[in-house]
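Heads up, the thing below is written out as structure tokens.
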Amino acid sequence: MSKNIPTKKIFLILSTLLLVLIILFCSSETVMSRNKADACSRRKYYAAMEKEYRSEMEQLLDKKGYLNCGINLRWVSDEDGFRTYTVMLHHRKLNMLDVYEKEELLRELSKTEFADESCTFCYEFLIV
């Protein structure tokens with residue numbers, strides 16, 4: 001019987017530690033889930049806005065005669081949550097535009113940007 005007592009104590013200690021770890025894990029997940037929910041909703045918001053923005057840009061470029069124009073949309077977020085978007089456009093006809101025509105096209109493209117004060121947009125023409 002003396003051999004069973006240490007085994008019971010070990011089992012009790014291990015089960016107590018396991019329960020304490022489970023309680024700590026559950027409480028930390030509850031606190032973090034609010035932050036995760038905010039970040040998830042923000043990601044969904046920006047994803048929807050980016051999809052609409054890309055669609056409007058494609059329509060405008062198609063209307064201007066740049067069918068199947070390549071559009072690369074990248075963003076960088078800083079610590080405060082401000083996003084800087086870089087829009088890279090590539091099409092053979094874009095290379096033939098002069099400076100004034102490119103500026104006019106950029107003005108028209110900037111009208112398709114979504115209105116969010118925490119976002120800025122930068123455009124680049126890639127040489128094909």
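Only a predicted model underlies this, so the values are computations on that prediction, with no experimental measurement involved. Excluded from the calculations below are hydrogen atoms, water molecules and symmetry mates; all remaining heavy atoms, backbone and side chain alike, are included.
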Side-chain heavy-atom pair R43, C40 within 4.5 angstrom cut-off: yes

Minimum heavy-atom distance L97-K102, with the two atoms named: O-CE, 3.6 Å

Nearest-0.5 Å distance that lies between atom CG in L94 and atom SG in C69: 5.0 Å

F114/Y85 aromatic ring centres below 6.0 Å: yes

Gap separating the CE atom of M57 from the CD atom of E113, nearest 0.5 angstrom: 9.0 Å

Heavy atoms from other residues, nucleotides or ligands near CG of N68 exceed 12 (cutoff 6.0 Å): no

4.5 Å side-chain heavy-atom contact, L61 and L67: no

Distance, nearest 0.5 Å, that separates OG of S110 from CG of L105: 10.0 Å

Distance (rounded to the nearest 0.5 Å) between R83 CZ and T120 OG1: 11.5 Å

Same apolar cluster (I L V M F W Y, side chains within < 4.5 Å links), M88/W75: no

Shortest non-hydrogen contact between T16 and L12, atoms and distance: OG1-O, 2.7 Å

Hphob cluster co-occupancy, F125 + L73, side-chain heavy atoms under 4.5 angstrom: yes

Modelled atom types, side-chain donor and acceptor of S118 and Y46, under 3.5 Å: yes

Nearest non-hydrogen partners of T112 and L109, listed with the distance: OG1-O, 2.6 Å

Basic-acidic side-chain contact under 4.0 Å: R107, E104: yes

Beyond-backbone contact of M96 with K93, side-chain heavy atoms, under 4.5 angstrom: yes

V87 with L106, same ILVMFWY side-chain cluster at under 4.5 Å: yes

Test applied, side-chain contact (heavy atoms from CB on, under 4.5 Å); reference residue, H90; option that passes from N95, I71, N72: N72

Any Y45 side-chain heavy atom under 4.5 Å of D116 side chain: yes

Spacing of S77 atom OG and R42 atom CZ [to the nearest 0.5 Å]: 8.0 Å

Spacing of CD belonging to E108 relative to NZ belonging to K63, to within rounding of 0.5 Å: 7.0 Å

Joint hydrophobic cluster, L126 plus Y123, side-chain heavy atoms closer than 4.5 Å: no

hydrophobic_cluster_shared for F82 and Y53, side chain cutoff 4.5 Å: no

Salt bridge flag under 4.0 Å for residues E56 and K111: no

